[in-house]
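These notes concern the structure reproduced below.
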Amino acid sequence: MRTLAYFFYTCCRYFPCHCCFFFARLLYYLLYYITGYRKKVVRDNLTQSFPEKSAAEIKTIEKKFFLYLARLIFEIIKMTSISKAETLRRVKFTGLEQLEAHFKAGESVLACTGHYGNWELGTLALGLSISAKTMVIFKPINNKIFETWFDCMRTKYGNVFIAMRQTLRGMAAYKNEPTLLCFASDQSPTREEAKYFVDFMHQPTAALLGVEKIAKSTKRPIYYFKVNVIKKGYYHVEVLPMCLEPCKMNEFEITDLHFKFLEDIIKEQPQYWLWSHKRWKFKPE
């Protein structure tokens with residue numbers, strides 16, 4: 001298995017993208033038909049999230065998801081060798097001028113998105129597309145080898161990645177300049193952190209409150225980054241104003257709002273969300 005993984009990795013780094021997508025199709029068959037990688041998790045998540053859909057419709061989405069997951073794996077590996085020009089060719093943005101108006105005024109901004117489409121490539125392109133420093137809050141993984149690999153890939157064009165528990169310290173380091181602080185707001189909290197549950201995809205869903213807390217304490221406006229998959233390897237990201245005056249919002253209203261944004265996006269094209277994640281591990285007590 002390790003030899004096979006290294007073969008795929010080498011192919012992806014040095015082969016053209018159309019060749020990578022050929023190998024992605026092979027990986028899809030391996031994941032879906034041979035190993036059945038997290039197939040039960042995906043099917044359970046889809047069934048609970050779309051109670052109105054038939055078993056046949058669920059299976060169709062399931063297969064589309066696994067095909068996209070295979071492509072996504074190759075796209076992320078390809079990011080280790082992708083150039084700045086190729087990155088900007090594959091990810092286009094609409095609405096960045098809204099952010100630049102804040103940066104010009106010396107203001108920092110918060111950004112929300114989810115694990116939808118190629119969020120890694122989108123973040124890489126974002127750092128090349130705006131004048132302010134792009135800072136991304138992330139949840140560390142246990143495997144240090146993968147952690148180091150991801151860190152090199154994510155930061156190669158100047159983005160700053162801050163471990164979730166170091167958010168305030170990271171913000172303090174850049175307090176004297178405008179920044180864009182980015183959150184993948186569908187991250188799962190730990191059991192101890194699961195204090196608030198939002199109604200998301202027909203299920204009570206434990207939510208992290210970091211975006212809301214930071215927005216209210218710093219008075220930073222929040223924008224949502226809506227990712228659209230255009231075709232294989234190409235994305236369009238719409239920058240949408242989500243909450244420009246966070247201090248006027250009621251408690252939990254911001255949290256409910258960014259989950260609503262994500263839910264609407266998922267319902268449009270569900271195959272591009274990360275269904276293999278065990279998102280609903282905890283239930284309200």
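Please read these numbers as outputs of a predicted model, since none were measured by experiment.
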Tell me if a side-chain donor or acceptor on Glu253 pairs with a main-chain N or O of Asn250 at a distance below 3.5 Å. yes
Testing the 3.5 Å rule here: is there a donor-acceptor pair between the side chains of Arg89 and Tyr234? yes
Does either side chain, that of Thr255 or that of Glu212, offer a donor lying less than 3.5 Å from an acceptor on the other one? yes
Closer than 3.5 angstrom, by distance alone: can the side chain of Thr80 be matched with the main-chain N or O of Ile77 as a donor-acceptor pair? yes
Between CE of Met201 and CG of Leu46, what distance do you get to the nearest 0.5 Å? 8.5 Å
Short question: side chain of Lys281, backbone of Thr190 - any donor-acceptor pair under 3.5 Å? no
Side chain to side chain contact (heavy atoms under 4.5 Å, CB included) test vs Cys182 passes for just one of Ile137, Leu126, Leu110, namely Leu126
Is a side-chain donor-acceptor pair under 3.5 Å present for Ser83 with Glu86? no
Okay, side chain of Thr113, backbone of Phe225: is any donor-acceptor separation there less than 3.5 Å? yes
Between Ile82 and Tyr157, which heavy-atom pair has the shortest distance, and what is it? O-OH, 2.6 Å
For the residue pair His115 / Tyr272, report whether a side-chain donor-acceptor contact shorter than 3.5 Å exists. no
Test your reading of the model: is there a side-chain donor-acceptor pair from Lys216 to the backbone of Met249, 3.5 Å cut-off? yes
Is Thr205 reaching over with its side chain to a backbone N or O of Gln203, donor-acceptor style, under 3.5 angstrom? yes
Heavy-atom closest contact (Ala24 atom, Ala70 atom, distance): O-CB, 3.2 Å
Should the pair Lys260-Asp256 be classified as a salt bridge under the 4.0 Å nitrogen-to-oxygen rule? no
Counting only N and O atoms by type, is there a donor-acceptor contact under 3.5 Å from the side chain of Thr35 to the main-chain atoms of Leu30? yes
In terms of heavy-atom contacts, Gly127 and Asn159 come closest through CA-OD1, 3.2 Å
Within the side chain of Glu57, is there an N or O that forms a donor-acceptor pair under 3.5 Å with the backbone of Ser54? yes
Residue that, paired with Trp273, satisfies ring-ring contact (aromatic ring centres under 6.0 Å, His included) out of Trp119, Phe50, Phe65, Phe200: Phe200
If every non-hydrogen atom of Tyr223 is compared with every non-hydrogen atom of Gln98, which pair is closest and at what distance? CE2-OE1, 3.6 Å
Taking only Lys NZ, Arg NE, NH1 and NH2, and the carboxylate oxygens of Asp or Glu, determine whether Lys39 and Glu62 approach each other closer than 4.0 Å. no
How long is the gap from CD1 on Ile265 to OH on Tyr116, to the nearest 0.5 Å? 7.5 Å
Taking all atoms of both residues into account, what is the closest heavy-atom pair of Gly117 and Val229, and its distance? CA-CG2, 4.4 Å
Basic-acidic side-chain contact under 4.0 Å: Lys78, Glu120: no
For the pair Lys104 and Glu100, find out whether any cationic side-chain nitrogen is under 4.0 Å from an anionic carboxylate oxygen. no
Decide whether a cation-pi geometry holds between Lys63 and Tyr32; the criteria are a distance under 6.0 Å from NZ or CZ to the six-membered ring centre and an angle within 45° of the ring axis. no
Is the terminal nitrogen or CZ of Arg191 (NZ for Lys, CZ for Arg) located under 6.0 angstrom from the six-membered ring centre of Phe282 and within 45° of that ring's axis? no
Backbone N or O of Ser276 within a donor-acceptor pair of the Arg38 side chain at under 3.5 Å? yes
Under a plain distance cut-off of 3.5 Å, with no hydrogens placed, do His277 and Ser188 share a side-chain donor-acceptor pair? yes
For the residue pair Tyr235 and Tyr68, categorise the inter-ring angle as parallel (less than 30°), tilted (30 to 60°) or perpendicular (more than 60°). perpendicular
Determine whether more than 12 heavy atoms belonging to other residues, nucleotides or ligands lie under 6.0 Å from atom NZ of Lys283. yes
Tell me whether Arg279 contacts the main-chain N or O of Asp186 through its side chain, where contact means a donor paired with an acceptor under 3.5 Å. yes
Give the minimum heavy-atom separation between Ile162 and Met171, together with the two atoms involved. CD1-N, 4.5 Å
